[in-house]
Amino acid sequence: MWSSMKAQALDTNRGDSLASSHVMELTNVSKRYRSGGGVADVSLSINQGEVFGFLGPNGAGKTTIIRLLLDLIRPNTGEIKLFGLDSRADSVAIRRRIGYIPGDLGLYERLTPREILTHFAYLRDKIPWSKVTPLIDELDLEIDKPVRTLSKGNRQKVGLVAAFMGDPELLLLDEPTSGLDPLVQQQIHELVRRAAFEGRTVFLSSHILSEVGEMAERVGLIRAGQLIAVERVVDLAKRSSHLIDISFESPPDPNFLSSLEGLRSASVVGNQLRAEVSGDLNPVIALIATAHVTDLSIREPGLEEMFLTFYEQPHA
Amino acid sequence: MPRSAPRNLHSVFERSMREVRRSLLGWLVGIVGFSLIMLSIFPTIHGNAGFAQLINAYPEALRKLFDVSDYTTGPGYLRSEVFSFMAPLLLAIFAILWGADLTAGEEERRTIDTLLATPVSRQRVVAEKWLALATAVGVLALALEVLLGVVGPLFKLHVGWAPLSAAIIGSGLFALSFGTLSMAIGAGTGSRGFARGVSAAVAVVMYLISTLSQLVEWLKPWRWTSLWYHALGFDPLSHGFNVGHLLVLVACVAVLVVAAITLFTRRDFSN
């Protein structure tokens, strides 16, 4: 879960003065496919050392953005800079500093993971094998069976080792946990956390909101090719509401919480008061402390609920 | 379990060769088998007056179409049985199949994403893949040369090294042209089937232009448009190397390599 420690680190490390250290900068980027779809007029900046979550339903344009960053496809309009370099003209220099795992990972079926990883280690500026083996051991990957005999989880591990080997400055992870068992998902989360801890930048896409909330500091929401919003997860949490159940010894006054600014709704069922409160929780706790309470539950909303609350309500 | 990294996968070229290894071995076995069968038949034909009479009794059109003049001599036999169709065809089929696979196959299997995310330029990827294609075609051509030139005399088949090499190099460059065409179309479209189909069709048309131009008078001025003519149609087994024809083939391969690189570099690899 989103820890307060991480939130603190976010606040101290990322001031407004870091505009010059953008690892990635998209300016009015549009890409239309002949078959329809694509992205329209996307502008986005990612700071160095940030874990950025890119959220959206399948087909919304997440993969398109990642492929544009890698120069696998070219924008119709707009400008893309990575490490201050042009995504097209300086693509090779940029890719030298990137680790990538595609959403739909293809592997050389006739080769073994050992052969595949050797190949990519060499293509990525001859990363020494001694830097690859710790990752293989950590993920407990069997590397001498042909790729075609591997399970989905093990195939993805091959892709993960290929992406994370050599500690690239920027990791582009396209739906890295999709369709994997929880154990492998946890291993991926761990790899991302460590990369972030080491000051490397992670750009990851997902259609699972809770997962992004767990790893990312900022989240971008993309829908039908449009980047709808970019929010810090802590800000989202502040704006979102909490569900509070308070049990009393006797039926409470329905107006018990009505002095709260963030109160959205309140209802009494028997001895229990159920309320939805947005914003800061401290005034709520202070108020509850004045009464004799037999039970209390405060449920934190998931990222999905946060987004829904946020975008259902018009913000001035 | 070895704990070291394998040594034959340091480049796109090496990986391509590693991937084609087994298939190439199969083609080698096929070419050796084909050559040995052709050679083993030759002693019964060699110097057989009856055969010569039989062949001469064919209508002239048929003799030209199947290239069966002086069938009972070594070069004549090779011309009609090996180089009139089969040997260049085998090499070309291999090259067309693998050429498309090198570009479009990598895309269809989705391995292109991770490959092009490495710091290797697209130009280099195509160049190395083409080098692998040329190497593989060269291996098959060399096998054919050794079999016909070294093993041939054991079956009383004698042919000069220069005419034989001219025919082999012609066949190899013909195959490489269409392999490169297949690679270029695959790079431009991402479809293996389309690349192979178009390349094979063009190869057949060129074969027909060259062969039929011996029979059809109005085609004769156009035979220079056929790569088959420059490869084998001018009869290298009688005339040996011809610098002009060789240059046409080499130039054609070079142009197609540039086309493949250009198409691949400009491609959008979307999913």
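Every chain is numbered from 1, with letters handed out A, B, ... down the list of sequences.
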inquiry  = Tell me whether B/Phe34 at atom CZ has more than 12 heavy atoms from other residues, nucleotides or ligands lying less than 6.0 Å away.
reply    = yes
inquiry  = I need the residue from B/His10, B/Arg110, B/Glu106, B/Arg7 with the largest number of non-hydrogen atom pairs under 4.5 Å to chain A.
reply    = B/His10
ask   = If you round to the nearest 0.5 Å, how far is CG of A/Leu107 from OG1 of B/Thr114?
value = 7.0 Å
task = Determine the sole option in A/Lys31, A/Arg67, A/Arg74 for which the side chain to side chain donor-acceptor pair (under 3.5 Å) test with B/Asp268 is passed.
result = A/Lys31
task = Spell out, as yes or no, whether a donor-acceptor pair under 3.5 Å connects the side chain of A/Arg124 to the backbone of B/Pro119.
result = no
ask   = Just wondering, do A/Tyr100 and B/Asp113 contact through their side chains at under 4.5 Å, heavy atoms?
value = yes
message = Can a donor-acceptor pair be found, under 3.5 Å and without considering hydrogens, that links the side chain of A/His119 to the backbone of B/Leu9?
response = yes
remark   = From the list A/Ile101, A/Asp104, A/Leu70, the residue making the most non-hydrogen contacts under 4.5 Å with chain B is A/Asp104
key: A/Val92 versus B/Val120, closest heavy-atom pair with distance   = CG2-C, 4.3 Å
key: Heavy-atom pairs under 4.5 Å with chain A, option from B/Arg122, B/Arg21, B/Arg22 with the top count   = B/Arg122
key: Check: A/Arg95 side chain, B/Ala117 main-chain N or O, donor-acceptor pair, under 3.5 Å   = no
note = Of the listed B/Arg109, B/Glu14, B/Arg15, the one with the largest count of heavy-atom pairs under 4.5 Å with chain A is B/Arg15
inquiry  = Given heavy-atom pairs under 4.5 angstrom as the criterion, report whether the side chain, backbone, both or neither of A/Leu72 touches chain B.
reply    = both
key: Carboxylate-amine/guanidinium proximity below 4.0 Å for B/Arg18 and A/Glu115   = yes
task = May I ask you to name which of A/Asp71, A/Leu111, A/Thr112 has the most heavy-atom pairs under 4.5 Å with chain B?
result = A/Leu111
request  = Ignoring hydrogens and angles, tell me if any N or O in the side chain of A/Arg110 forms a donor-acceptor pair with the backbone of B/Glu19 under 3.5 Å.
outcome  = yes
request  = Could you tell me whether B/Arg124 atom CZ has more than 12 heavy atoms of other residues or ligands within 6.0 Å of it?
outcome  = no
key: Side chain to side chain, A/Tyr108 and B/Leu115, heavy atoms closer than 4.5 Å   = yes
Sub-4.5 Å side-chain heavy-atom contact between B/Ser270 and A/Tyr33 = yes
